[in-house]
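One structure is given here, and the rest of the page talks about it.
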Protein chains: 2
Amino acid sequence: MTVSRVLRDRGDVSEATRAKVRAAARALGYVPNRIAGALASQRVNLVSVVIPSLSNMVFPEVLSGISDRLVGTPLQPVMGVTDYSDEREEGVLYEMLSWRPSGVIVAGMEHSPAARAMLVNSGVPIVEIMDVDGEPMDSVVGISHRRAGRETAEAIIASGYRRIGFLGTKMPYDHRARKRMEGFEKALAESGITLADREFYSGGSALLKGREMTEAIMNRTPDIDFLYYSNDMIGAGGLLWCLEKGFDVPNRIGLAGFNGVELLQGLPRRLATMDAGRREIGEKAAEIIATGLSGVRIELTPKLLRGDTIRPAR
Amino acid sequence: MTVSRVLRDRGDVSEATRAKVRAAARALGYVPNRIAGALASQRVNLVSVVIPSLSNMVFPEVLSGISDRLVGTPLQPVMGVTDYSDEREEGVLYEMLSWRPSGVIVAGMEHSPAARAMLVNSGVPIVEIMDVDGEPMDSVVGISHRRAGRETAEAIIASGYRRIGFLGTKMPYDHRARKRMEGFEKALAESGITLADREFYSGGSALLKGREMTEAIMNRTPDIDFLYYSNDMIGAGGLLWCLEKGFDVPNRIGLAGFNGVELLQGLPRRLATMDAGRREIGEKAAEIIATGLSGVRIELTPKLLRGDTIRPAR
DNA sequence: TTGAAAGCGCTAACAT
DNA sequence: ATGTTAGCGCTTTCAA
């Protein structure tokens, strides 16, 4: 009836009735039932966002970018967390798709066959984010983690470091961290270098773990002259440890992290890093859904920020 | 029809038909339409979570607690971000309620009259979180920020500090930070102490801002002997600055933050703080919704963790 | 144990 | 400019 038209600003309704309806709606505290609306119109203003975790800063920043870009559109993000589990991802996607959302934004490019099938068959626009190393189902926006690892390795080698250690997370399902390490090792191998040592952690305060792992690896392999951390937080811990121990950074030992977190700006030295463009990825992904595009591919190309912890190339 | 019964594990269906339906559903990649289901059953497995921001670690941790507690239930969180704006809060709540969720979890106890009316009239279970200083609409789980401020002030005074500075965010709508400061100043006043100086910031890297503000306040009021920060991140920045400048912490100057963030564990000294119980708050709030309770009031009572930056009481 | 029928509260298309 | 009507795809109730 007319009420529906007013509340959706549609079609021709006289100013008089419009006002009357508005007043009545307000007085009654009427909130339309979108479930019925969605069923009738076959349109749902929800965007599903599926991410592996909320417990480090990276995914909240992506969410933040998505949420910001969606302000002013009728779209609303709905989030699901998978804890890096394929099974949970399938469950979450099933739930999400059962609401027939306007779009799905999902982290990563590796999904179980069941998950892929569900997404592809859903007919809903899909954006895979964070990573571009793989075969996209529809749209994709992210960076190449292999390339990130490779470029970092090349810069390190060019600066003359030779005894190189890697410190990362013990997460077989964090495919992006894995790809960075692969790209990193491959580039080292091309220069005839193999990793001098490596160290992995899981859980706990990343800053503290960074300290502990750095201490462990330096005690075990004292001649290491460079440490590549799979994220900035452990890198920051390592940096603080090195400075406290009086290591000459970046001459005795160089350091680099990954992500480009804001936190680094307040540290005693600027840790070398690479900005993964998390917020921008979120914004671009949301934009693809909001504008109804499909098959878009956006690869951001982050540059290594050398900060104060890699000495100049020579 | 029967299919519906199978997919929802309801009523008596023979094993034979059950199997047949399952097989067919799988083969077709069938995902039921929850919109229709929700409309027919008047039940929606969504929990709305309304928070002011995603850009510091505190709300993601709450979300994480909610999300974890909801695993294994049929419920799914839907999030909305208000950017500390009443207007945005109203808009987000309107959207949320139009989906007739199973519950609403909303940060804070201060809402516009319109928002309150919407929530109360919705008939949906409401949980206000983070703060307990106010008149709850339904359930509430959080801490008293006034008390947190007061207890911190009392501990500081008991340790003999007298020239006290406050550093915080320039956010008139962050009611929790405001209440902490109020409680803090009130307790000081009761001991005849007034704030020696104060400094506020907005935006940017909190760690860096902490350094800058600390430098500014110490230059302006050099005889300050204690700095109370409205969050751990700026506190950590202040701590790093003080250590670099060679201040004797906690004797020449004491420091305290707020939140109990994990990061503090990796710092050179443990900053005094108070754990706001963010994850636990999220879990408890989700539990209230999941179990269908109403009118629950849970007040957590965080203790001051003195760390290494407040000297012993005397 | 299965099937049939009547809505759920809207929107879209079609009258008026 | 406004009113009328037929679904949207399920769940619920009732009958078989």
Side-chain angles (χ1 to χ4, degrees), chain A residues 1-46 48 73-76 78 93-104 118 121-124 292, chain B residues 1-46 48 73-76 78 93-104 118 121-124 292:
Chain A
M1 72 147 115
T2 320
V3 174
S4 167
R5 281 195 269 257
V6 175
L7 266 27
R8 290 178 299 138
D9 301 311
R10 287 290 175 83
D12 324 85
V13 184
S14 74
E15 204 35 72
T17 25
R18 186 186 299 260
K20 246 192 291 182
V21 173
R22 286 247 164 83
R26 188 145 345 183
L28 296 168
Y30 173 79
V31 177
N33 184 331
R34 271 202 209 267
I35 304 169
L39 183 60
S41 68
Q42 309 284 36
R43 269 179 285 104
V44 176
N45 64 350
L46 260 23
S48 305
T73 75
L75 298 167
Q76 186 96 30
V78 185
L93 283 172
Y94 185 84
E95 282 300 316
M96 294 288 191
L97 290 174
S98 72
W99 286 99
R100 306 292 189 265
S102 294
V104 175
M118 247 192 281
N121 295 334
S122 70
V124 166
Chain B
M1 76 145 123
T2 319
V3 174
S4 169
R5 281 195 267 258
V6 175
L7 266 28
R8 288 177 302 136
D9 302 311
R10 287 290 175 82
D12 323 84
V13 183
S14 73
E15 205 35 71
T17 25
R18 187 187 297 262
K20 245 192 292 182
V21 173
R22 286 246 164 82
R26 189 147 342 187
L28 296 168
Y30 173 78
V31 177
N33 185 332
R34 279 217 196 254
I35 303 169
L39 183 59
S41 67
Q42 308 283 36
R43 268 179 286 105
V44 176
N45 63 350
L46 261 23
S48 305
T73 75
L75 299 167
Q76 185 97 31
V78 185
L93 284 172
Y94 185 84
E95 283 300 316
M96 293 290 189
L97 289 175
S98 73
W99 286 100
R100 307 291 189 264
S102 294
V104 175
M118 247 191 283
N121 295 334
S122 70
V124 166

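Order of the sequence lines sets the chain letters (A, B, ...), proteins ahead of strands, with each chain counted from 1.
- Summarising the geometry, the separation between CG on B:Leu7 and P on D:dC10 is reported as 9 Å, rounded to the nearest angstrom.
- If you take CZ of B:Arg18 and P of C:dT1, they are 9 Å apart, rounded to a whole angstrom.
- The interatomic distance linking A:Ile35 (CD1) with C:dT11 (P) rounds to 13 Å, in whole Å.
- Protein atom CG of A:Leu39 is 11 Å distant from nucleotide atom P of C:dT11, rounded to whole Å.
- In this structure, of D:dT2, D:dG9, D:dC8, it is D:dG9 that holds the atom nearest to the side chain of B:Ala40.
- C:dT11 atom P lies 9 Å from atom CZ of A:Arg34, rounded to whole Å.
- Residue B:Ile35 holds its CD1 atom at 7.0 Å from CG of A:Leu39, rounded to the nearest 0.5 Å.
- For the helix from C:dT1-D:dA16 to C:dT16-D:dA1, the axis fitted to the five pairs at one end and the axis fitted to the five pairs at the other end meet at an angle of 30° (nearest 10 degrees).
- Proximity of residues 93-103 of chain A to DNA chain D (heavy atom under 4.0 angstrom from any strand atom) is not detected for any residue.
- The interatomic distance linking B:Gln42 (CD) with D:dT12 (C1') rounds to 11 Å, in whole Å.
- The phosphate of C:dC10 has neither OP1 nor OP2 within less than 4.0 Å of any side-chain N or O from A:Ser41.
- In this structure, B:Asn33 places its CG atom 13 Å from C1' of D:dT11, rounding to the nearest Å.
- A donor-acceptor contact under 3.5 angstrom links the side-chain atoms of A:Arg5 to the base of D:dG3.
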